Amino acid sequence: MNGRIRRLGIGLLVLFTMLFGQIAYVQVFAASSISQNPANATRQYIAEYQIQRGPILAADGTAIAVSQRTKHSSIFKYQRLYPQGELFGQITGYYSRNYGSSELEHSMNPWLSGSDASLAGSTLSDLVLGRPRKGGTVITTLQPSLQRLAQQALGNQQGAVVAIDPTTGDILTMYSNPSYDPSGLSDPSSDTQTKAWNALTQVQDPNAQPLLPTANANLFPPGSTFKIITAAAALSAGYEQQSVWPSPHSLALPGSSATIQNFGGEFCNGGASQVTMLEAFTESCNVVFGEIGLKVGADKLAAQAQAFGFCPIDPPTQTTCAENPIPFSEPPFGVTSVAGRFPSASYFSTREAAVAISAIGQENDLANPLQMALVSGAVANGGLLMRPRLVTEIRDSAGRVVQRFPTTSYGQAVTPQVAGDLTAMMQNVVNSGTGTYAQIPGIQVAGKTGTADHTAPGAPAQPPHAWFTGFASANGRSIAVAVIVLNGGNMGSEATGGHVAAPIAKQIIEAWLRGGA
């Protein structure tokens, strides 16, 4: 009798073990492959709303996306909330049962939903102990105080601010105006979601698309900020800061009746017939830098732009770039972004005049603040271009780190010596050139201004975009910043990068280096 009971007990134990193993396999180890089966898409979609989705946190622990239990539906048990509203909306993206997901909510979904294999341990523990299943926590590099400062500094002006740590590529702030609050898209009411979606998508102004952030997902002529890259190409080709260049009032473009003039038709360096590259860079002389571009040549100019992360294109037929040098849409970045654009060397083969125009950041040059922050960051980092990082690690429901995303580099954009020369030139811009509004007492700031024309051929003149990009280090901290204010901001046609964008950059740099952020 005892033997039969013992055999029955062993049999039940084996069956229980098999059953438990099957459940564990389905819910933990095979969850990812099952969820990717198209036949299970709807089921998986509903299942995600049965799980408390993990939070997204700023670097200091501030919650920027959370989930809470809702009483509105037995099927959709949890609702996504965004406590900071529009402040981080373009970075977290939205998680909506009607419109899907975007940005970090999309790229980090395997961890947020708890389906990634790295969370198998905590998922199994929840299963064994009968606890509700929870998603993982995403830790970002974002600094809330800098994000708020960027929002305040832009005010009602359309534009964007990006700041990174040049040594790691960590995104400290990335804010665009206009932004949006994703909460409407996750509201329990489908009508509310529809109204929110229509308000975000039915916008006529191409510069006021909340779902297309100015900071990282749109592109604009970089203007004279691109002269950093032209100067880098010249220095790498053997020219020096003190190399002397002719400085006429205008530059006749080869093979064309067009000319290049300095901003406002002014003379460079008081009308001197010759100036050094340092002087031309300090005063942002278009005529001289057009000539530098022609001397350096299209091949070296295009190669240098690509080394700084710009994507080669052949305009006007090619507008997108399959050779995106930086994988923006994947962790550790994970938000929809586009790299800058610069014509390929082959494009210039029959367009020599375009080389000079491209050398001053016009023609078909395109960039955004993220791209230009990376350029300044590379100069600050001894020429090493870091890949942007937005997510540092994933934690399970018990707070244990289950995955880390290390810092990585894109490669050496310029040599350390060239980076040192560029630093000196950019510091001169802030000390005595077009960027004096970025000066900070006790801190040496390096920078470059830009005032970019973007008027379409034959169209009425538009106010310029105002740019500033730069960097500084102090008190054990480093920061690289890029700012764009669209259409001159509150100054309109009177705007320059030095007057409009540089003061905003100054606020961000000073706050971070003084430890106030």
Side-chain angles (χ1 to χ4, degrees), residues 31-38 40-58 63-67 76 78-119 134-142 171 174-176 179-187 193 196-197 200-201 209-213 215-218 320 324 326-339 370 387-395 402-403 405:
S32 179
S33 60
I34 292 172
S35 66
Q36 292 173 10
N37 187 327
N40 293 319
T42 301
R43 190 175 302 157
Q44 173 66 19
Y45 172 68
I46 295 174
E48 283 190 5
Y49 278 87
Q50 305 292 311
I51 300 167
Q52 185 171 3
R53 191 172 179 80
I56 303 175
L57 306 182
I64 58 179
V66 296
S67 290
F76 303 104
Y78 291 94
Q79 176 187 352
R80 201 63 164 162
L81 300 176
Y82 301 90
Q84 309 302 318
E86 69 168 23
L87 191 62
F88 295 97
Q90 293 174 330
I91 300 173
T92 61
Y94 53 82
Y95 185 73
S96 168
R97 68 171 186 262
N98 287 352
Y99 299 102
S101 59
S102 68
E103 313 312 339
L104 289 182
E105 291 280 27
H106 178 76
S107 64
M108 307 305 296
N109 187 63
W111 294 278
L112 292 168
S113 65
S115 63
D116 189 79
S118 64
L119 294 165
K134 294 182 179 180
T137 299
V138 172
I139 309 298
T140 71
T141 59
L142 297 163
I171 304 294
M174 188 165 66
Y175 181 79
S176 302
S179 184
Y180 74 102
D181 183 350
S183 299
L185 296 175
S186 62
D187 192 90
Q193 290 188 38
W197 181 258
L200 293 172
T201 57
Q209 305 284 334
L211 297 180
L212 192 67
N216 54 294
N218 211 338
T320 60
N324 191 338
I326 302 175
F328 287 123
S329 60
E330 302 171 359
F333 195 62
V335 299
T336 304
S337 298
V338 292
L370 175 59
R387 293 183 184 271
R389 183 171 70 159
L390 190 55
V391 177
T392 57
E393 63 187 34
I394 308 295
R395 298 174 188 168
V402 296
Q403 185 156 345
F405 296 98

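Given the structure is predicted, the values throughout are model-derived calculations rather than measurements. Basis for what follows: all heavy atoms, side chains included, without hydrogens, waters or symmetry-related copies.
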Roughly how far apart are Phe333 CZ and Ile91 CD1, rounded to 0.5 Å? 8.0 Å
Taking atom CD1 of Ile51 and atom OG of Ser115, what is their separation to the nearest 0.5 Å? 8.0 Å
Measuring from atom CG of Leu211 to atom OG of Ser179, what distance do you get when rounded to the nearest 0.5 angstrom? 9.5 Å
So, the side chain of Gln193 versus the backbone of Asp187: is there a donor-acceptor pair under 3.5 Å, distance only? yes
Do Arg53 side-chain atoms and Tyr78 backbone N/O form a donor-acceptor pair below 3.5 Å? no
For Leu112 against Glu105, the heavy-atom pair lying closest together: CD1-OE1, 3.5 Å
Could you tell me whether the side chain of Ser101 reaches within less than 4.5 Å of the side chain of Asn109, counting heavy atoms only? no
Checking side-chain polar atoms at under 3.5 Å, does Asn98 have a donor or acceptor matched by the opposite partner on Ser96? no
Rounded to the nearest 0.5 Å, what's the gap from CD on Gln84 to CG on Asp181? Could you check? 10.5 Å
Aromatic ring pairing Trp197/Tyr99, orientation class (parallel under 30°, perpendicular over 60°, tilted between): parallel
Can you give me the closest heavy-atom contact between Ser67 and Arg80, atom names plus distance? OG-NH1, 3.0 Å
Donor-acceptor pair, Thr141 side chain versus Ile171 backbone, under 3.5 Å? yes
Asp116 vs Ser118, test: side-chain hydrogen bond (donor to acceptor under 3.5 Å, both in side chains). Steps then yes/no. CA-CA 5 Å; Asp116 189 79; Ser118 64; 2.7 Å; yes
Please check if the side chain of Arg395 supplies one atom and the backbone of Ile139 the other of a donor-acceptor pair under 3.5 Å. no
So which atom in Ala215 and which in Met174 form the shortest heavy-atom distance, rounded to 0.1 Å? CB-CG, 3.7 Å
Rounded to the nearest 0.5 Å, what's the gap from CD1 on Ile64 to CG on Leu87? Could you check? 9.0 Å
Distance-only, no hydrogens or angles: does the Ser176 side chain make a donor-acceptor pair with backbone N or O of Pro213 under 3.5 Å? no
For a 4.5 angstrom cut-off between non-hydrogen side-chain atoms, does Gln403 reach Val391? no
Look at the side chain of Asn216 and the backbone N and O of Thr336, then say whether any donor-acceptor pair between them is shorter than 3.5 Å. yes
How far apart are the closest heavy atoms of Thr92 and Pro182, and which atoms are they? OG1-CG, 4.0 Å
Distance-minimising heavy-atom pair for Phe405 and Pro331: CE2-CB, 3.6 Å
Drop me the distance from Thr140's OG1 to Glu393's CD, to the nearest 0.5 angstrom. 10.5 Å
Provide the closest heavy-atom pair for Val66 versus Pro55 in the form atom of the first, atom of the second, distance. CG1-CB, 4.2 Å
Are Ser186 and Tyr94 packed together at the side-chain level, in the sense that at least one heavy-atom pair is separated by less than 4.5 angstrom? no
